[in-house]
Every structure is written in structure tokens, then in C-alpha cells.
Amino acid sequence: MQDIEITRPDDWHLHLRDGPSLQLTVNAAARVFRRVIVMPNLKPPVSTAADALAYHSRIMAAVNPALACAGFQPLMTLYLRDITEPAEITRAKAGGVVYGVKLYPAGATTNSDAGVTDITRVYPVLEEMQRIGMPLLIHGEVTDSHIDVFDREKVFIDRTMGPLLRDFPALKVVFEHITTADAAAFVAEGPATIAATITPHHLLYNRNHMLAGAVRPHFFCLPVLKRNTHQEALLAAATGGSPKFFLGTDSAPHSKHAKECAAGCAGIFNSDSAIESYAEVFDACGALERLEGFASFHGPDFYGLPRNQDRIRLRREAWEGPADAVMGSESVVPMRAGEQVAWRVVGGQQA
Ligand code: DOR
Ligand code: ZN
């Protein structure tokens, strides 16, 4: 048995959904994470300052103080559309709850149909974001049907990320949920204005977990799991101590029946075991002393926000991930269902 304490972490990429889903998603995340960057891919999308404010209120109304850490704070994002006006970004910043703008290439993933069809169409919006210091959060995959699904992140780097950084040298960009050695190298070698989030599932698993011997739909997410050499590059990036890489769970629940079917949805619910899974991965890499930087320092530093002051305690003590979670009237199969999780959260300490 071993205990470690780290500064309370934040989750820089999270899907909370809406309505009856919020009881589960909000409190599972708020159990550990003080701040969460809330993805805007609802139907209809959260695309105006007013939408973000209303969604923020619905999230706060779902917080259960018996389950959530004190001071839980959702950091809202806007869903960038071809039709978004630069003034909407200015308004969102002034409203005080929006901390980023999310770019989904149209058709890339769940509820992305209203996304951007050509990045040059939103250049005036990006100019304004650069001017006022609003970060751009990117789902970095091309959507062309003839590009192999395993190559979509790499092609996006070549076609879009490179030119974007050249055209907007002062814009803060988060390359979300990176999945390839190519993306890890691009971010590591890029300017200080680019950083990346890494999910627990892309650290724990590779595409064999999803496809060897049987199709396992609960491992299906986007960007899709890649081969093990990419997983190894992500492990090196996350545990290497670089401030450009930080925690973003991309916890994204879909009901069991929406995943276990002929056209299953992409997304993995992991909030109930996220920090525990990151601890397990860092431990396995012999890098436990770097967990705090990745989980609690690099994110707020990049976003220009203060680090949390209180701490959480983790213990190396195995437990079995629950087989399901209740989300409104639906059942969700969590990431670690039936697996042994090597670390658990045993307590916290107020500032
Ligand atoms: O696997 C994913 N699920 N990837 C995304 O980009 C979106 C997410 C969702 O909202 O379900
Ligand atoms: Zn996501």
C-alpha cells in the first residue's frame, strides 16, 4: 500500500450532456475535479453566450453537495460554427463563464454536424479570439470519407494545424484528446501557444483492446484508439513532465443500448475512475511524481488560471470498476467496468 497526495486536479475536456444525464455526469466529475471544461456538443449546440450561461445554470442546479467537492466550477465553451460572429466571442468573454471555443470539423464526431466546414470561414472569429485571449479547442481530425479513419488526425496536422499556427501566432490552441505519435511530436515541437489534452483511455488502451478477437463497442471513441506504438508515444508525452500536456478525460457517456448495436456511438464514460486510472498509468511508467504536474498544474498554467489550493489523497489499493452507472432512465457501461483499478481516492484536504 502506498499513499500519495496531489493538488486537486481539474478536467480540461468533459462531456456532461444535459437534462436527466446531469445528475450522473456532473457529480461523478465533481467528486474529484474542481474545474471542468464543458464541451458544447449538445443538440442544438451551445453556440451563443446566452446558451452557455443557461447551460451553466442547469449544470450548477445538478450539483449534489454530498458528492461534489467544494467550489466545483464548470468552465463553459462555445461551439464554433461557420455563422459565428466575432462579436459573440466578445460577448461570451464578458459574460464571465466561457473559457474556450470548440472547433469541431463538421461531421467529425457526435453532434458535430453544425461544426466548421472550412476553417478559413471562421478566420474573423479566430482574429477576435487571438485579440482577447480566448483559447481555441480543436477536435483535430479531417472528415473526408476517403481518408482512412486511423489517419485522420495525422492528415489534420498537415492540412490544418500547421497553417493555423502560422496564421495565428498568438492564438492559444489546445489540440484535444491526441491519439498519435505524430500529434505528440507536433505539440512538443510547436510554439508555446499549443498544448494538448490526453485521455485516460488513450493511455490505457490501444486498438487491440477494441478489435482483437471480438468487437468491443465500449472501447469505441473518436479519435479512435490507435496501434500500441502510438499509445506508447502518448504515455511518454503524458508522463514526461512537459507543461504542454495535461489531463482531459473526454468522458462522454452514451447509453449501453446506443453503444451495443449495429451502429454504436463513439464515446467512453470514465469520470468514475479517471484520476485513479491516470494514477495507475503514471505508476506503471514509474512516473508517479509527475502525476501532479499533468493533472493539476499544466492545465491551469496554460489557460492562465490559478492552481487549486487543496489536495486529494490517492492510495495504491485495487478495486473493481462497477459494471454500470445510472444516467437518467438509461444504463451506461463505464470505462473500467469489471477491471481491477490499481488506485483509489481516499480523501482530500481543504486549503
Ligand atoms: O468519442 C467521442 N465522443 N469523441 C468525441 O469527440 C465526442 C464524444 C461524444 O460527445 O460522445
Ligand atoms: Zn470530447
Side-chain angles (χ1 to χ4, degrees), residues 10-19 21-22 24-26 28-29 33 36-47 55 59 74-80 99-116 135-143 149-150 152-153 156 174-180 183 196-207 209-210 216-226 234 246-261 263-271 274 299 325 327-328 330 332-335:
D10 305 298
D11 184 351
W12 300 94
H13 185 130
L14 177 63
H15 298 266
L16 293 176
R17 313 302 192 206
D18 206 350
S21 302
L22 292 175
L24 171 69
T25 57
V26 170
F33 299 114
V36 298
I37 282 274
V38 181
M39 288 296 136
N41 61 333
L42 303 182
K43 252 187 164 156
V46 179
S47 54
Y55 187 26
I59 292 166
L75 310 178
M76 310 309 292
T77 63
L78 289 195
Y79 186 116
L80 187 56
Y99 288 79
V101 173
K102 181 71 188 274
L103 188 162
Y104 288 104
T109 187
T110 308
N111 296 346
S112 63
D113 300 349
V116 173
L136 177 66
L137 321 181
I138 302 186
H139 183 112
E141 288 191 287
V142 296
T143 55
V149 70
F150 291 101
R152 290 181 179 188
E153 186 172 279
F156 188 88
V174 183
F175 196 158
E176 298 290 346
H177 45 51
I178 59 168
T179 64
T180 57
T197 53
I198 306 182
T199 76
H201 36 284
H202 289 99
L203 295 173
L204 282 166
Y205 307 120
N206 58 62
R207 65 194 191 186
H209 292 91
M210 179 175 59
R216 297 184 194 82
H218 296 291
F219 289 93
F220 180 52
C221 62
L222 287 170
V224 71
L225 293 169
K226 306 296 192 297
L234 298 176
F246 47 85
L247 186 159
T249 66
D250 198 15
S251 183
H254 292 277
S255 71
K256 185 173 152 90
H257 84 258
K259 288 190 70 68
E260 295 179 5
C261 61
C265 294
I268 296 177
F269 174 68
N270 62 35
S271 292
M327 186 171 74
E330 321 244 43
V332 172
V333 178
M335 176 176 75

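Read the numbers this way: they start at 1 and go in the same order the structure lists the ligands and their atoms.
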### Query
Does N41 use its side chain to pair, donor to acceptor, with the backbone of N111 at less than 3.5 Å?
no

### Task
Work out the angle at the Zn ion (ligand 2) between OD1 of D250 and NE2 of H15, rounded to 10°.
90°

### Query
Do the ring planes of H177 and H13 sit parallel (below 30°), tilted (30 to 60°) or perpendicular (above 60°)?
tilted

### Message
Please check this pair: side chain of K259 against backbone of G267, looking for a donor-acceptor N/O pair closer than 3.5 Å.
### Response
yes

### Task
Can you label the angle between the F219 ring and the Y205 ring as parallel, tilted or perpendicular, going by 30° and 60°?
perpendicular

### Message
Restricting to N/O/S atoms, is H139 within less than 2.8 Å of the Zn ion (ligand 2) or not?
### Response
no

### Query
Which residue, H209, H202, M210, forms the side chain to side chain contact (heavy atoms under 4.5 Å, CB included) with N206?
H209

### Test log, rule side-chain hydrogen bond (donor to acceptor under 3.5 Å, both in side chains), inputs K226 and T180
CA-CA 7 Å; K226 306 296 192 297; T180 57; over 6 Å; no

### Message
Can you classify the ring geometry of Y79 versus Y104 as parallel (below 30°), tilted (30 to 60°) or perpendicular (above 60°)?
### Response
tilted

### Summary
Residues with a heavy atom under 4.0 Å from ligand 1, by chain and number, are H15, R17, N41, T109, T110, H139, H177, C221, L222, D250, A252, H254, A266, G267

